[in-house]
Amino acid sequence: MKVGLFIPCYIDQLYPCVGISTLQLLEKLGVDVEVPQNQTCCGQPLANSGLQKETIGISRHFINLFSNCDTIVSPSGSCVLQIKEHVPKELHDEKYSHIKNNIYELTEFITDILKIDELDGQFPYRVGLLQSCHSLRGLRNGKSSELAGKRFSKSGQLLSSLKDIKLVDLDRPDECCGFGGTFSVFEEAVSVQMGVDKIKDHLSHDAEIIAGTDMSCLMHLEGLINRNRQLLKVMHIAEILNTAMT
Amino acid sequence: MKHSQAAKVFLKNAPRTQWHDKALWFAREKRDIQKNQVTEWETLRDHASQIKEHALSNLDDYLMEFEQNAIGNGIVVHWASDAEEHNRIVFNILQKAGVRKLVKSKSMLTEECRMNPYLENKGIEVIESDLGERIIQLDKQEPSHIVMPAIHMKKEEIGKLFEKELHTETGNNDPQYLTAAARSHLRKHFLSAEVALTGVNFAIAETGGFVVCTNEGNADMGVHHARIHIASMGIEKLIPKKEHLAVFIRLLARSATGQPITNYTSHFQKPEKGKEIHIILVDNGRSEHLGEEKFWRALKCIRCGACMNTCPVYRRSGGHSYGYTIPGPIGSILTPKIDLKQFADLPFASSLCGSCSDVCPVKIDIHEQLYQWRQEVYEHGHLSWIKKTGFRVVGKILASPRLYGLTGTIARFFLIYAPGFLVYNRMNTWGKSRDIPTLPRQSFQEWYKENRNKS
Ligand code: SF4
């Protein structure tokens, strides 16, 4: 199986360490990873602002770059959702269908394709899990609290398999953190308040780390934590799993 | 005022925002408890969604069936193509009866039609009999929530208002005391009302009857004393069969307030001897909305308010920030159909978290519709900031690896956030309350080339 790794633009540019951790983690799990060169973006910042039409170029570039991969993995639920649901209709062809049906967010790739539910690693910290909305309600990588039925979370499952980790219970486990892409600047006041409340929830349960499946949400929270000099750290789940497995 | 600005003002009063957020979250939690007790919850939602989609897809037939059966039951049926016509019909009924006072229970439709000011202008006294609505009416405000219209007000404010309007004891804010005062004040209106107006939660094509759900019993109080009962309903309130109520009644109150059922679920079928029932079937843009391929499902709404209670944006910005009778997520997908330009900012008043769609008892894909409305706003040229920004340029850069590589290092952060910065004509919208991430020495792609792909 040839696995193509998609590292979204903001991880590439702002959090390369998350890209490196993802690559190393997949390799530790025995995956043959290829990183197609000249990747850019999934197009989401434009599409979510109403400019889906203007993403044809971006999407075409993405499709050409990844259509040779059997499977595509990305450490961002949000970008995976964009590719699965909001690629302009003009580009819906066989190549695109292949990508749509074979692109996975990192944790769902580990649990559903590699069929690994437990990882051999240790992480002795109190961790709060930020279930990014696009992973949770978009890709259904967990059950949202609004729905009835049995609770599950693919990222939570992987984290909880680590030795000595303590996953804290939050008051509002899956309320949005307030990032929302350009929402974070268009609706700055509400976005900030949502982030502040999310951090408060973690602090009141003595979390040391906020773990997330989307670096963009974590960037928003990290910006608030640093500004307010709070004692809390954000980590992408790839960084946690990769560190834990050394 | 735009939503983002109104929200900013709302958020200035931190204690109130916190309390507003908690009060509505509490409703969401109560709803969750109820949902967990009904094992077939998701099946019920599926059924509700399918029944509504079926009914809306065959609305013309069901409306005819309903009209025929209602007339057969002795109900007078009126058709109103818009708000103006609806208001005129109500006024004509009052005039014909020679009555100058209307007692009404909660009806979002009459708010939509701006019926109260219309009638008041013609010298009719309109008395809201739902407690929340009465508070709002006495304070000359607009409701901020469709189920809990005065949820934005604190009991101290209501105490003050009642002191002034109902002459209650000075400084007595005890909710029970205030409720009792409102009750005795309303009672005399109930007893003297000759015409009462209610909304409609569900109308049944098969029987020609309809159902009104309230917690205070005020709809019944008004109607039973009055000689004439006017029921105003949007045409989308129709369901085919009586047995379908078994689905909706189980979902409605659980979703709305976390109660298994509203205190009163009143079925109206035919007028009592010597009395009249009038039904007004209101279109007011609905049939046109129904023709919108991407957006017609919004008409499935049963107005439970759950999407407001769960919405992290609504809870932190208050209902008035939306500038329309129906606020929150559902309001933000109804308003663009009414006036795309005026309400162009509402589809953007969301982080697209999708909580609304998951909580909705009739499974409206609210957040997907918000996304689609954003596309419409752009395509119709209502993104005023778009001209000023480099957003289209960003699209070109991201489509070209060469440009992306060139701009990358310098423009790392601005690549994604430039548009937002420019909209506000200053550099620090992101950075007002948040730190900007420390820029790394090299990008992932640079690292990869250096370490893995030396060719
Ligand atoms: S859209 Fe759904 S959740 Fe919102 S008020 Fe309507 S029925 Fe209730």
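So that the names make sense, note that chain A is the first sequence line, chain B the second, and so on, each numbered from 1. Below, all heavy atoms of this structure are taken into account, side chains as well, without hydrogens, waters or symmetry copies.
- We find the CD-CD distance between A/Gln13 and B/Glu446 to be 7.0 Å, quoted to the nearest 0.5 Å.
- Contacts of B/Asp21 with chain A are made by both backbone and side-chain atoms, with heavy-atom separations under 4.5 Å.
- Residue contact with chain A, scored on non-hydrogen atoms closer than 4.5 Å, is absent for B/Glu40.
- Heavy atoms of B/Ser350 lying under 4.5 Å from chain A belong exclusively to its backbone.
- Put simply, of A/Asn38, A/Leu224, A/Asn48, the one with the most heavy-atom pairs under 4.5 Å next to chain B is A/Asn48.
- Residue B/Val377 does not touch chain A at all, counting heavy-atom pairs closer than 4.5 Å.
- Heavy atoms closer than 4.5 Å to chain B are found in both the backbone and the side chain of A/Gln52.
- The closest donor-acceptor contact from the side chain of B/Arg374 to the backbone of A/Ala47 lies at 3.5 Å or more, if one exists at all.
- A/Met194 is not listed as a side-chain neighbour of B/Arg315, based on a closest heavy-atom distance of 4.5 Å or more.
- Put simply, the side chain of B/Trp447 reaches to within 4.5 Å of the side chain of A/Leu23, judged on heavy atoms.
- The two residues B/Pro312 and A/Glu175 make their nearest non-hydrogen contact at CB-OE2, 3.7 Å.
- Counting all heavy atoms, side chain and backbone alike, A/Leu14 lies closest to B/Pro437 at CD1-CG, 4.4 Å.
- Proximity to chain A is limited to the side chain of B/Gln18, based on heavy atoms less than 4.5 angstrom apart.
- Contacts of A/Ile225 with chain B are absent, with no heavy-atom separation under 4.5 Å from either backbone or side chain.
- Within a 6.0 Å sphere centred on CZ of B/Phe26, heavy atoms belonging to other residues, nucleotides or ligands number 12 at most.
- A/Asp12 contributes atom CG, which lies 13.0 Å from atom OH of B/Tyr448 (distance to the nearest 0.5 angstrom).
- Between the B/Gln445 side chain and the A/Gln39 main chain, a donor and an acceptor come within less than 3.5 Å of each other.
- Using modelled atom types, one finds no donor on one side chain facing an acceptor on the other under 3.5 Å when comparing A/Glu85 with B/Tyr371.
- Only the side chain of A/Lys200 comes within less than 4.5 Å of a heavy atom of chain B; its backbone N, CA, C and O stay farther away.
- A side-chain donor-acceptor contact under 3.5 Å links A/Ser191 and B/Arg434.
- Annotation for A/Arg151: atom CZ does not count as buried by contact number, only 12 or fewer foreign heavy atoms lying within 6.0 Å.
- Counting heavy atoms from C-beta outward, A/Pro16 and B/Gln442 have side chains that stay 4.5 Å or more apart.
- For chain A, the nearby part of B/Glu379 is the side chain; its heavy atoms alone come within less than 4.5 Å.
- Looking at heavy atoms from C-beta onward, A/Val192 lies out of side-chain contact with B/Leu11 at the 4.5 angstrom threshold.
- Other residues, nucleotides and ligands place no more than 12 heavy atoms under 6.0 Å from the NZ atom of A/Lys233.
- Contact count versus chain B (heavy atoms, under 4.5 Å) is highest, among A/Asp197, A/Asn228, A/Asp174, for A/Asp197.
- The heavy-atom pair separating A/Ile7 from B/Phe444 by the smallest distance is CG1-CE2, 3.4 Å.
- In plain terms, the two heavy atoms of B/Ala7 and A/Val190 that are nearest each other are CB-CG2, 3.5 Å.
- In this structure, CZ in A/Arg137 is found 11.5 Å from CG in B/Leu352, a value given to the nearest 0.5 Å.
- Both the backbone and the side chain of A/Ser145 come within less than 4.5 Å of a heavy atom in chain B.
- When each of A/Arg60, A/Glu222, A/Glu27 is checked for heavy-atom pairs under 4.5 Å with chain B, A/Glu27 comes out on top.
- Dense packing is recorded around NE2 of B/His320, with more than 12 heavy atoms of other residues, nucleotides or ligands lying under 6.0 Å away.
- With a 4.5 Å cut-off on side-chain heavy atoms, B/Arg28 and A/Arg172 do not count as touching.
- With a 4.5 angstrom heavy-atom cutoff, B/Ala349 touches chain A via backbone and side-chain atoms both.
- To the nearest 0.5 angstrom, A/Leu147 atom CG is 9.5 Å from B/Ser355 atom OG.
- Not one N or O on the side chain of B/Arg316 forms a donor-acceptor pair closer than 3.5 Å with the backbone of A/Ala189.
- Under the 4.5 Å side-chain criterion, counting only non-hydrogen atoms from C-beta, B/Ser4 is not in contact with A/Glu188.
- Contact of B/His367 with chain A is not made at all, since no heavy-atom distance falls under 4.5 Å.
- In terms of heavy-atom pairs under 4.5 Å with chain A, the best-connected choice from B/Asp358, B/Val313, B/Leu370 is B/Asp358.
- Annotation: maximal heavy-atom pairing with chain B below 4.5 Å, among A/Gly138, A/Gly178, A/Ser144, A/Cys133, occurs at A/Cys133.
- Here the straight-line distance linking atom CG of A/Asp171 with atom NZ of B/Lys22 works out to 9.0 Å at 0.5 Å rounding.
- Residue A/Glu146 holds its CD atom at 12.0 Å from OG of B/Ser255, rounded to the nearest 0.5 Å.
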